[in-house]
Amino acid sequence: MAVGTWILGTGGGGSPYLNLLNIRELYATGRRVTLKDPMTLPDDALVAVLSSQGAPLIGQERLADSAMALKPLRIMEEYLGRKFDALMPVEIGGGNGLHAIMVAAATGLPAIDADAMGRAYPEAQMTSFAVANLQCYPLAISDIRDNEVVIPKAHSWKWMERVSRKVCTEFGSQASTCKAPRSGKEVRDHGILYTCNKAISLGKAVLKARQKHTNPVDAILDECQGSRIFTGKVTDVERRTTGGFLRGRTVLEGLGKNTKEKFNLDFQNEFSVGSLNGEAIVMTPDLICVVDSISGEGIGTESIRYGQRVDVLVLPAPEIFLSPRGLELVGPRAFGFDFDYRSYFKD
Amino acid sequence: MNQRIGIDVGGTNTDAVLVDANGVVGAIKSPTTADVISGVRQALTELINSVGPSARQVDSAMIGTTHFVNAVVQRKGLNKIAALRVTLPGSASLPPLVDWPKDLAKVVNGGSYYISGGNEFDGQPVVPLDEDAVVKAAQSIRNSGITSVGITASFSPLSSACEDRVAEIIANECPGIRITCSHALGRIGLLERENATLLNAALLDLAANTTDAFRKALDDVGITAPLYITLNDGTVTSAELARKFPVYCFASGPTNSMRGAAFLSGLDDAIVCDVGGTTADIGCLVNGFPREANNVVEVGGVRTLFRMPDLISIGIGGGTIVRESPLSVGPESVGFRLLKEARVFGGSQLTLTDVAVASGLMDVGDKTLVSDIPETLIADALAMAHQKISVTVDQIKTDSQDVPMIAVGGGAPLIPEKIPGISVVHRVPFHGVANAVGAAIAQISGEADQVFQDFTRDDALAAALEIAVENAVKSGADRQSIKTIEMEDLPIAYLPGHAIRARVRVVGDIATSTEDS
């Protein structure tokens, strides 16, 4: 699953390695995770939506910790006066996909096989729940000390993002959150379903290909009905911090059948737009995944480096983001681009 | 350049060379011995015999060794350690040694202690350091009889004060104890930095014994020059520093051979193919130094952030086994038994050395013993070896233009003349002792890796450069000769203000006398 979530992270979400170690430690003490089909959820079941918010750099020094990750879930239960029946990740991509699984192992609560992004996105309003205009509050956020904050109400999803990001920054740019709780019915109707299993099968396919010495990148494409759009070497990476995000651009020079071609990748934490010889040909909400050409391992926007040989893949976007409201929240314009979404797959 | 001796203590051979401004003066290959010291003494004696007693007057002696990495791989000669982690209330669910191979962890584990304290990304304390807890841990360590401690606090590369204070308390409570602080081993990434710290702490007994043995071998043959040990990145450190930081000496073998290849060929940018007895290691020289691996590097199964050359190793070497019908070349090898088992040496196993001798590429052993090998088999086996090398060269290359290649190692004749993407294959004299040559010409490095807040990008890089230069001078580099070989910056997402992580690495020649400051 860790291999799969790192690919589905489309460059963001942080490496899942430390979450994976935590889960192994919990399994060694006899804890187990039950993955639950969202269709079996009762309408009125109470589901926690979990994430770790912050800079991946901080996560490298403040190791993922299952005891800290479950704190906001307990704070939220106290605030609501009701126990959760299950939990789910807000995003399947990167470390956050495994963050929820780690809390499931620590608490014994079942993990729902769903998320709200089908990938990773940088901002809290970029979820299927926001697309569906569900309620954005309350939210619980805590740090490794005894600092705890509940945001009982926010004007909108965007305001919730702004306020919670300020809190996270004060906490040392890393915090655990429990987002607005969802009912079983809301998860079924507006969640992106079966993404945990998608990550697991994707990871299995990659590992199997590596073992059999077949091409792991082809395995990803087969598994996710995606396309390879470019093969090349990283020749430049430009990064800048604006508005609390890692923004920038990567330039690739073509190899193989892309020889003499150039590919640009723009990112805001995650890869958002890819341009071939200057023309934008692939864009959010389609998933732009950059993977190591040989191992099929995902590559993050913080770790992509000069000289790496990579394949750029595109995987189809979750259906819910293709609606007008979806594209308003996660289409290219939401990332500051002056053009409308064009699907790579419907050309 | 003044006169230097370079020694490479490998698994099979100990090579020694004498190098001066004009190039290689003399070279010797001698078998490695189990006690290391007698093999080094033997190699030095032969070198002195070959070039004359003036070899005793060298300015410095540099030794590269795989001894430390072999100790970790074989779990031999390691001492027990105590781990102090200063990160509470955070990072508690993943204990020190968490992702180590179980058998290795068992050999070194002498107890873990968690202390409240550590830093935020801006150097501020997470919570105040719990000094009482440090004193209690120190007492427990003293009672347990452990003599080596590794201390790791969060974000210590940005502010060492917390680790320094913990070290001070431990030193007071446990007189004579050896302490490794993680900030001295650089780089952000708590778990990987802690791994390096603990590996280092576990190697201190061996490091002391080995450097003493090297020094004694030099003294025994009458060489009084200062002793340097080569590091993973193609630079050296004094024997005193290597005693404290043996982890830095881990992967010096491949690095030395690539640096040696650069020196012997006069090229700074090229692909290097080093064909040994068991494997061919193919890497990329950039500005005279090996290109480093992008990802986390595992040593003996432990994840670290060491600077390691980006190499691909394939099973093509002098001892590689060749089989007929169906034809196969490697990856199995007769290894160090080559001198007994290969056909040209009277054995019965067909190896690539036999193929090379039969085809006239090499001249070792008895050529008549391989005269019966069919010509088609020779041609097919060589073609298969050439094909494997070509495929790997294409994987390691990051330049779409044709680039030159330097062929080194005892098995260099196995490298074909024509490889797709390679403009020319350079054959160099002394190719068989390239790693000892690499040791002899090593320089001194300095690094800075820090987060700067509210600096412009240029100011942050300039500040990092200044720190890196000072670190290099402190390690013994000549200030005038210092060159920058790496500079990168990474703006940090989510942090307020303009936060930039800047990393700079510089190298310089060894200073002939200590700098006045």
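Just so we're on the same page: letters track the sequence lines, and every chain starts at 1. Below, all heavy atoms of this structure are taken into account, side chains as well, without hydrogens, waters or symmetry copies.
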Whatever's closer than 4.5 Å to a heavy atom in chain B on A:Ala64 counts as backbone
When the 4.5 angstrom heavy-atom criterion is applied to A:Leu26 and chain B, the contacting part is neither
Please work out which of the three classes, parallel, tilted or perpendicular, describes the rings of A:Phe271 and A:Phe267, given edges at 30° and 60°.
-> perpendicular
TODO: Indicate the ring-plane relationship of A:Phe230 and A:Phe263, choosing parallel, tilted or perpendicular according to the 30° and 60° boundaries.
DONE: parallel
Okay, B:Val126 and chain A: the region with an atom under 4.5 Å from a heavy atom over there is both
### Query
Think B:Arg291 forms a cation-pi with B:Phe289, using NZ or CZ under 6.0 Å from the six-ring centre and within 45 degrees of its axis?
no
Most contact-rich option vs chain B, by heavy-atom pairs under 4.5 angstrom, among A:Met68, A:Arg24, A:Arg145, A:Arg62, is A:Arg145
Minimal heavy-atom distance between B:Leu198 and B:Pro96, with the atoms involved, is CD1-CB, 4.1 Å
